[in-house]
Each structure stands twice: as C-alpha cells, then as structure tokens.
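First the structure, in the form of structure tokens, and then the observations on it.
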Amino acid sequence: MSSYDVIIIGGGPGGLAAGIYAARAKLSTLIIEKSRVGGQAATTEEMENYPGFFQGTTGPQLTQAMYEHARHFGCQFCKDEVVDLELEGWEKVIVTKQGRYTAKAVIIATGAEPRTLGVKGEAELKGKGVSYCATCDADFFEDLEVVVVGNGDAAIEEAIYLTRFAAKVTIVVIHDEGVLDATKIIQERAFANEKIHFVWNSVLEEIKGDGIVQAVAIKNLKTGAVTELATDGVFIFVGTVPRTEFLRGKLDLDERGYIPTTELMETSVDGVYAVGDVRQKFLRQVVTAAADGAIAAVAAEKYIHEEENFRKEVLEKTKPVALMFWSPFHKESLAAVPVVEEVAAANAAKLDLVKIDTYRNQRIARRYGVEEMPALLLVKGGEVAGAVTGPMSRDSLEDLIKSI
Amino acid sequence: MLELDKENFAAEVLEAQGLVLVDFWSPKCEPCKALLPGLEELAGRYPAVKFAKLNILENRRLAIGQRVMGLPTILIYRDGEKVAELSQDFQIEDVEAKLKELSA
C-alpha cells in the first residue's frame, strides 16, 4: 500500500491543474487516471477559448502540455481505475483494480461523460454511425451526410468541425427557428456555413439501420409529424452526466449526481474536494476546471497542514489539552480568552492550552459539535473528557481542571 | 501488432485460421491511443491470438466494409468470421474477458 499527501482521481484539466499546484507545494501527489490523461478536452479539436491559446492549439495539445507541466513538478501518475473508497477520517483509503492507496486529502476530478438520448437504435448502432466524439469518428464521414443532435456550444462547434469532412451536416434543434443555446460567435459561424442545415422544433425519435446507420426519424414538436431523413451518421451532443456512481453513499451528491462544493471545492466530507465538470457549477469549461483544481490543491494543502498540527498539538499529546474555541468577531469569546489563558498558565504543569480561531477554521469546531462560543473542551488521550461553554469564570475552569 | 491495410486484410484476417483481433484506430482518437499499451500487453499473454491494427485514416473504406463507423472498435474474427465486437466505451478488461471466453 502506497501513501500520498494528495490523491487526485481523474486526469482531465481539473485534475492536472490540481496536480500542478499540489506537487509544486511539495505535497506528494498521485493522479489516478483509468484511461488517458486529458479528459474530455482531449477529445475536442477546437480549443479557442482557453486564455492565451487561440492560434490552432488543439485539445490534445493543451492537455498534453498540462500533463508535462504536472510531471515537471513531480506529480506522479498511475493508470488504474478506482473501485472503492473510504473517505471518512484522517487516513483515506482508495482501492483500485490493481492496488490500494492512502491519502490525507482526496481530490475528485472524474469529470462527466456524454449523455445519451435513449432513443430506439441508439445503443445498437453505437460505433456503426452513432457517435459522441467528432474528432474520433469524423474521418469515417468524408463526403457523406451526418446529423447532429443538440444546439449548445459543444454541438454547434463539433457540427462546424464535421463540415471539414462531411458533405452535409444537418443539426436537429429542439427550439424555434433561429434559436440556439450556443454562444453568439459560434452561432454566427454555423449560420454562415453552407454545409450546415437546420431542422427546427424537432427531436430525434429513432435511429434506423441494418448493422450501420441509414436514416433517422425526426419528430416535429409543433406539428407532431415524423419524417425520415437518410443519413450516414448521427453525432449526439446533448449535455453530459457526471461520473459519480462510485461515490454514491460516500459523500453528498445533488439530484443529478453532481457534487456540491463550497467555494474552496470542499465536499461534504472533510479533506475531500471536487473539481471540474463533476462539480455542481455554472460553467463547465477547461479554464474553470483548471481554476477549480488550483483552488482545491491550495485548500487541501491548508487542510493537511492544519490537521497535522491539530493531531500533533492536541490528539497525540499525553498531557491533557484545554481546547478553546473563540473568534475575534465574537465579543464574549474574546473576553474569555485572557481568563482562560491565565488559568491555563497557572496550571501549565497539568495541561496545555490550544486555541482554535473559528473564523479561520470552522472544520474542527464542526467536528466537535461546537455551536456556541466561547467553548472549552478538555481533551485527554485524543478523547473529549469535559466541557465548559458560555461565559467562563475562573471557578468553572478550575473545577474542570480538578476533574483531570 | 501486425499493421493491416487493403493489401493484406483479406489474407491476414478473412482467410486466416484461428482467432484474429483487429483494433480499428486513428491517430486523432485519444481513447484509441489509451487502449494501445494494454492491447500490446495482452498480445504478449495470448500468443495463440493474432493481434492486428487498422488505421482508419488510411483505410476508411476497408473499415466501413467491416461495418465499423466509430472508434475505438475492436473486432475479433475466428476463421475469418466476425465473432465478437467491442465499440466505444469499453475497457481493456472487457477485451481480455472476450479473449478468455473465445479461447476457452
């Protein structure tokens, strides 16, 4: 079993950015990737909105550079798939198909995968003309005709990419004529492209073909009419679903399976972070995934440092420890600090005092269920042996110390 | 792994005896590249199976002729007959499971 400071699950842009920041902070860092690094970004050719890269940089090029960058700072990589995890507590265990690892902090960067339409013929004809990856499969369709389903940025960008190969690209759009979810600049390019045709107010009802795609049935939502369109391929870009099945029951997920996080990328479990497309967020792009990764790595570094300190100063002490929770913005707790300090100094032979500023660190207060301040816990051998909450008097503190 | 093209495909696959695994790939297909090291490793462990790869960029019609229109795709032939097919979202473990099943 190998131990690391930080283990990152998933090697897309979010995971790679986290790896760069964590490794550069001298944390021993491992990225576990089940396939090839780069994530979804490595399957897209067009990459023109990552700041600083607009002149022909491709998805695979950009993510390869991120991979080399992470390696440069000492981030380690392992090609394996996570099958189970134990996330609670200080030492987190990650079980993969081929091994077992422990980490102090875990960053989940498993991303998302293309959503399927769930229409008749889709599953049967996958790899037979039904595709979710234009760069993988566009070459098959040189001088042929294809249908694209979807109208967001990904769908329209990939449709434009496909016009370099296919003779005709028909985009099936659920909205009224002229309405696309894609951003304006991409819309304008699509409308100006002679190879692109639109079918409005419509959805795909069925994909037909005997061993290979031959036609699609398109239903007009306004009229209810179903028409058949002959085609050689169907490219589906209707959003994504997060890869979080393996996390069910281990941490909180939202109703769609995404991981809700704080601004620091913290999940519902201490020391576990989520970054990139797998996270509940507004904008899923390479640049936001990379930003998430940087934040999570710095937050994880701080977490590890604080927890290690707490273990050393409180949990692993043989002498009892008075653990005081206070905040500079809480009057009563501020008033209690000198009282507690004075009593602790007078009893320095019997106990140590550790003060937790809850403004800076709420995690430990939460863990001990401290809701009111000031609060003082007596910790012996890592266990809580007594408590005083509310206004602190010398007498109540002396009584607590006598109980040792 | 044996490199296939339209010159040798019939002889090496369709007219060959025993099991032949054909990996349909393209230099533009990242998931295909991810599979390659695993396939090479499997080739070492299954010497009775002929491992071959076909670059669809140079052999598009040949691939479509085998009804392959998406990557990555792995077809396994026995005595020239297609007996197994894996397409798009599969892992190297799935390839090995198929090989085990077919060579049993």
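Naming: A, B, ... by sequence-line order, numbering from 1 per chain.
- Atom NZ of Lys98(B) sits in a sparse spot, with 12 or fewer heavy atoms from other residues, nucleotides or ligands closer than 6.0 Å.
- The CG atom of Asp137(A) lies 8.5 Å from the OG atom of Ser26(B); values are rounded to the nearest 0.5 Å.
- Contact tally against chain B (heavy-atom pairs below 4.5 Å) for Glu33(A), Glu81(A), Lys97(A): the top residue is Lys97(A).
- Chosen from Lys33(B), Gln88(B), Gln91(B), the residue pairing most often with chain A at heavy-atom distances under 4.5 Å is Gln88(B).
- At a 4.5 Å heavy-atom cutoff, the contact between Glu30(B) and chain A is made by backbone and side-chain atoms alike.
- Put simply, the side chain of Val213(A) does not reach to within 4.5 Å of the side chain of Met69(B), judged on heavy atoms.
- Lys34(A) touches chain B through backbone and side chain together, each having a heavy atom under 4.5 Å away.
- Among the residues in residues 230-240 of chain A, those with a non-hydrogen atom closer than 4.5 angstrom to a non-hydrogen atom of chain B are Asp232(A).
- Side-chain N or O atoms of Arg60(B) include one that pairs as donor or acceptor with a backbone N or O of Phe140(A) at under 3.5 Å.
- Rounding to the nearest 0.5 Å gives a distance of 3.5 Å between CG of Asp139(A) and NZ of Lys28(B).
- Only the side chain of Ile56(B) comes within less than 4.5 Å of a heavy atom in chain A; its backbone stays farther off.
- Taking chain A as the reference chain and counting heavy-atom pairs below 4.5 Å, the highest number among Ile92(B), Thr73(B), Leu57(B) is found for Leu57(B).
- Residue Arg61(B) places its CZ atom among 12 or fewer non-hydrogen atoms of other residues, nucleotides or ligands, all under 6.0 Å distant.
- Of all residues spanning residues 122-136 of chain A, those with a heavy atom less than 4.5 Å away from chain B's heavy atoms are Lys126(A), Gly127(A), Lys128(A), Gly129(A), Val130(A), Ser131(A), Tyr132(A), Thr135(A), Cys136(A), arranged by number.
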